[in-house]
Amino acid sequence: MLSRHQDPIAAIATAPGRGAVGIVRVSSPQDLSSLVGAICGRTLKPREATYLPFRSAQGEAIDHGLALLFPAPNSYTGEHVLELQAHGGPVVLQLLLARCLEADPALRIRLAEPGEFTRRAFLNGKLDLAQAEAVADLIDASTEAAARSAGRALAGALSGEVGQLRDALIQLRMLVEATLDFPEEEIDFLQQADALGKLRRLLGRLDALQDRSRQGAILREGIKVVLAGQPNVGKSSLLNALAGAELAIVTPIPGTTRDKLSQTIQIEGVPLHISDTAGLRDTEDEVERIGVARSWDAIHDADVVLFLHDLTRVGQQDYEREDAEIRGRLAAVDPARILQIYNKADAPQVDGVAAVDNALKLSAKTGAGLDALRQRLLQQVGWHAVPEGLFIARERHVQALRRTREHVDLALQQAAAVPAALDLMAEELRMAHDALGEITGAFTADDLLGEIFSRFCIGK
Ligand SMILES: Nc1nc2c(ncn2[C@@H]2O[C@H](COP(=O)(O)OP(=O)(O)OP(=O)(O)O)[C@@H](O)[C@H]2O)c(=O)[nH]1
Ligand SMILES: [Mg+2]
């Protein structure tokens, strides 16, 4: 029996809804000529667009469009692929898809699962794992900068860098494994090859790559920012000012916002998911109480909390008491994630209020101080432009690089020990190699053996 990964699959490849063109895609390890015959009524030249009617089981035209056949292995998935480009109405495409599923019963085509075409491309070596992920990222990209960096990852920039690091790791592993096999030459071997220097350089390169990937992850996933504070401090006004649109209702009535309201904006291409929340206070109002509970959930879930204060009320007894209470509860949040914001700097009565250390003064009403806030937000999450360009990445890549670095660091410690613990060093390098291989999905034990034998001839 064939595994699921060898079933012929079909799906509508374009977004749901109406469009000028819609595409139904079929991918199959088996030859598709009988399917092509049934639907197109003729044979197709490989990779050449042919305009023709798509036929129903009764021989009537479902639609007219372009048919394209990509015989294996020169296709997106590496299998035989048929693409039917029809008019982009949902009904037409559903009919065409249904026709593909039943036109050749012997093929047993089934509906594709999400991402299955790309998974096959990976399984057939058309893309590595990081590139396959980049396909999804490119589709999902919410800002131009994110799309650019996903495109770069798709082109293999991340995989290329990872590949270079992997080669360096393999060289080190070969060296150590060989030294283990010839214990009498142990010390010389490592010294001659400058194993410590190599390990240190590897750590430096891992740091640089980790930094670029972390920036890429920020670009892909964005930053969760929450506006929090007492009622009436201007949280909704600040959301509107940052978004440049009247999204949230603003009134002088405390407790105007009762539910969380989120909007994604971008600063220098970095997506920021900003949430306005209900003002934090004790209340008898059932609806507002639920809103306040949601505010706290959002605060705990945020990358950055903007804790807003109202300069027109700073120093007033009731106001300060409430603020102190909120500060107390915020103690559970990592202080590095909290930014103190003093709002309403435009109001006439605030002239005498001293600037607070490390806090930002601004006015949601006039926009004064907003640019400084934008820069602080980027700085807060460690965003900085990387001259050599970013690629995706995902949190998964950042974590895999972090673990790789940990193991290389431990390997360095073992190598530097007197006497050097070579077996432990070898083990750390093996784990570093595994962790790195997770990024591209490339690592297998056979790989290592192959590399060793192709580069290292022990009999010589
Ligand atoms: N002068 C001045 N007034 C402001 C500023 N920002 C907000 N306000 C006023 O403060 C009042 C409350 O503003 P909101 O944005 O609704 O405050 P909020 O924090 O969302 O309040 P709740 O939703 O009730 O928690 C409104 O009357 C705003 O016009 C500012 O920068 N300067
Ligand atoms: Mg509000």
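Ligands are counted one by one from 1 in listed order, and the atoms in each one are counted from 1 as well. Sequence positions, counted from 1, serve as the residue numbers for this chain.
By the side-chain hydrogen bond (donor to acceptor under 3.5 Å, both in side chains) test, Gln379 pairs with no residue at all, sequence neighbours left out. Residues passing the side-chain hydrogen bond (donor to acceptor under 3.5 Å, both in side chains) test with Ser28, sequence neighbours excluded: Gln30.
Checked by atom type and distance alone, the side chain of Tyr342 never pairs as donor or acceptor with a backbone atom of Val314 at under 3.5 Å.
Pairing each heavy atom of Asn343 with each of Ala364, the nearest pair is OD1-N, 3.0 Å.
Enclosure of atom CZ in Arg108 is not indicated, since only 12 or fewer non-hydrogen atoms of other residues, nucleotides or ligands lie within 6.0 angstrom. A 6.0 Å sphere centred on CG of Asp282 holds no more than 12 heavy atoms belonging to other residues, nucleotides or ligands.
Contact shell of ligand 1 (protein heavy atoms, cutoff 4.0 Å): Pro231, Asn232, Val233, Gly234, Lys235, Ser236, Ser237, Val250, Thr251, Pro252, Ile253, Pro254, Gly255, Thr256, Thr257, Gly279, Asn343, Lys344, Asp346, Ser363, Ala364, Lys365.
A salt bridge links Arg402 to Glu406: one of the charged nitrogens lies within less than 4.0 Å of a carboxylate oxygen. Using a 4.0 Å cut-off between charged nitrogen and carboxylate oxygen, Arg321 and Asp318 count as a salt-bridge pair.
Excluding water, every protein N/O/S atom under 2.8 Å from the Mg ion (ligand 2) is given here by residue and atom: Ser236 OG, Thr257 OG1.
Both tests hold for Arg25 against Phe117: distance to the six-membered ring centre under 6.0 Å, angle to the ring axis within 45°.
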